Structures are given as structure tokens and as C-alpha cells.
Amino acid sequence: MSLVEDVIGCLQEKTRLLSEVERVTESMAVVPQEELLTCTEKRGKLIDEIKLIDDKLREFASMNNEIRSVLNNLCVKSDLTEELSKVYVEVLSVNAVLNRINSNDDVIKNRIEYEREKILNKIQAFNQGGEAATQRYYKSLHGTGDLTAVNISKDIKI
């Protein structure tokens with residue numbers, strides 16, 4: 001197999017993996033909160049695989065300046081040979097998927113922030129509920145609801 005064919009194979013695999021990242025990313029906007037962590041982990045594993053492909057592509061680029069210029073999009077398409085034009089098309093495919101993923105990133109960031117706020121609000125509500133129960137308990141023991149002189153967190157031993 002030639003160097004160009006190897007590069008094209010890597011780019012096609014990268015496009016396939018990026019398409020899977022895109023699918024997982026899109027699902028993160030709608031999956032139940034409990035599944036967000038699983039999606040994030042799957043996305044991370046796919047990105048790790050993509051990094052390995054990028055390492056191979058850097059290696060190929062170091063072997064051939066023309067391939068490097070095509071991979072870095074520093075070329076004029078009309079100046080490329082037929083083989084390098086195929087590489088160029090694959091680079092465009094990779095970049096198209098990357099752009100779609102990037103356009104979804106804000107949606108996902110907002111979703112994760114929303115879920116984080118929901119969890120924080122639940123924790124706050126739980127803490128406030130616990131504090132109210134502690135005050136009721138204290139009142140039932142001491143006949144007063146005034147806890148100003150008592151630091152509950154220091155008085156309760158676990």
C-alpha cells in the first residue's frame with residue numbers, strides 16, 4: 001500500500017470515529033441525566049482512538065511535505081495530483097464532521113450546566129430539609145426553637 005493510501009485510510013477511519021463522536025454528542029442533549037456520564041466516557045474513548053490516528057497522520061506528514069500541506073490545508077486544490085486530491089477530499093470530510101461537532105458543543109455544555117444546577121438545587125433542598133428537621137428535633141428536646149446560641153454542627157456527634 002502506498003503512503004497516500006495509508007493516509008486516506010487513516011482519514012476515513014478518523015471520519016468514521018468522529019461521526020460516532022457526533023452521534024454520542026447529539027444524544028447527550030436528550031438522554032436522561034443518568035446516562036450523561038456513560039456518554040461522556042464513550043466520547044472520551046473515541047477521542048483517544050482519534051488521537052492515535054492523529055499520531056499516525058503526523059508521522060505520515062513528516063515523511064512527505066506534500067501530504068503535510070494537504071493535511072494542514074495549506075495547499076491549492078487545483079495544484080494537487082489526482083492522488084493528493086483524494087487526500088484533500090478526505091480532509092474536507094474530517095473537517096465537516098469536526099465543524100458539526102463544534103456547533104453542538106454549546107448545546108451540550110448548556111445541558112451539562114443545567115443538570116449540574118438541578119443537582120446543586122436538590123442538594124440545597126436536602127440540606128435545608130435536614131436543617132429544618134434538626135431544628136424540629138432540637139425544639140422537641142429543649143422546648144424552644146431558638147438555636148442562635150447553639151451551633152448544631154458542633155453539638156451533633158456522629
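In what follows, every heavy atom counts, from backbone to side chain, and hydrogens, waters and symmetry copies are set aside. A quick note: this is a predicted structure, and the numbers were derived from the prediction, not measured.
Of the charged side-chain nitrogens involved, none lies within less than 4.0 Å of a carboxylate oxygen, so that Glu83 and Lys86 do not count as a salt-bridged pair. Classification of Arg23 and Glu26 as a salt-bridged pair fails, no side-chain N sitting under 4.0 Å from a carboxylate O. Salt bridge present: Glu113 and Arg116 bring a charged side-chain N and a carboxylate O closer than 4.0 Å. For the pair Asp54 and Lys51, the salt-bridge criterion is not met [side-chain N within less than 4.0 Å of a carboxylate O].
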- [ ] Take Val31 and Thr38 through the side-chain contact (heavy atoms from CB on, under 4.5 Å) test and state the conclusion after the steps.
- [x] CA-CA 10 Å; Val31 297; Thr38 303; over 6 Å; no

- [ ] Give the intermediate values and the outcome of side-chain contact (heavy atoms from CB on, under 4.5 Å) for residues Glu66 and Val87.
- [x] CA-CA 10 Å; Glu66 291 175 320; Val87 173; over 6 Å; no

Open item on the list: Walk me through whether Asp48 and Lys45 qualify under salt bridge (Lys or Arg N to Asp or Glu O under 4.0 Å).
Closed with: CA-CA 5 Å; Asp48 288 343; Lys45 288 177 184 175; over 6 Å; no

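Side-chain heavy atoms closer than 4.5 Å link hydrophobic residues (I, L, V, M, F, W, Y) into clusters, and following such links, even through other members, never connects Leu52 to Val21. No continuous path of hydrophobic side-chain contacts links Val89 to Val7 [ILVMFWY only; heavy atoms under 4.5 Å].
Side chain of Arg43 to backbone of Thr25: no donor-acceptor contact under 3.5 angstrom is found. With hydrogens and angles disregarded, no donor-acceptor distance shorter than 3.5 Å links the side chain of Glu35 to the backbone of Pro32.
To the nearest 0.5 Å, the span separating NZ on Lys77 from CG on Leu84 amounts to 10.5 Å. The line from CD1 of Ile53 to CD of Glu13 is 4.5 Å long, rounded to the nearest 0.5 Å. The OG atom of Ser93 sits 12.0 Å away from atom NZ of Lys14, with the distance rounded to the nearest 0.5 Å. If you take CD1 on Ile50 and CG on Leu98, they are separated by 7.5 Å, rounding to the nearest 0.5 Å. Taken from SG in Cys10 to CG in Leu17, the straight-line distance is 10.5 Å, to the nearest 0.5 Å. Ile101 CD1 to Ile108 CD1: the interatomic distance, rounded to the nearest 0.5 Å, is 11.0 Å.
When all heavy atoms of Leu3 and Met63 are compared, the pair lying nearest together is CD1-SD, 3.9 Å. Taking each heavy atom of Ala61 and Leu71 in turn, the nearest pair found is CB-CD1, 4.0 Å. Summarising the geometry of Cys39 relative to Met28, their closest heavy-atom pair is CB-CG, 3.5 Å, with the distance given to 0.1 Å. Counting all heavy atoms, side chain and backbone alike, Ala29 lies closest to Val107 at CB-CG1, 4.0 Å.
Taking Glu49 as the reference, nothing meets the side chain to side chain donor-acceptor pair (under 3.5 Å) condition, with sequence neighbours excluded. The side chain to side chain contact (heavy atoms under 4.5 Å, CB included) search around Leu92 returns Tyr88, not counting sequence neighbours.
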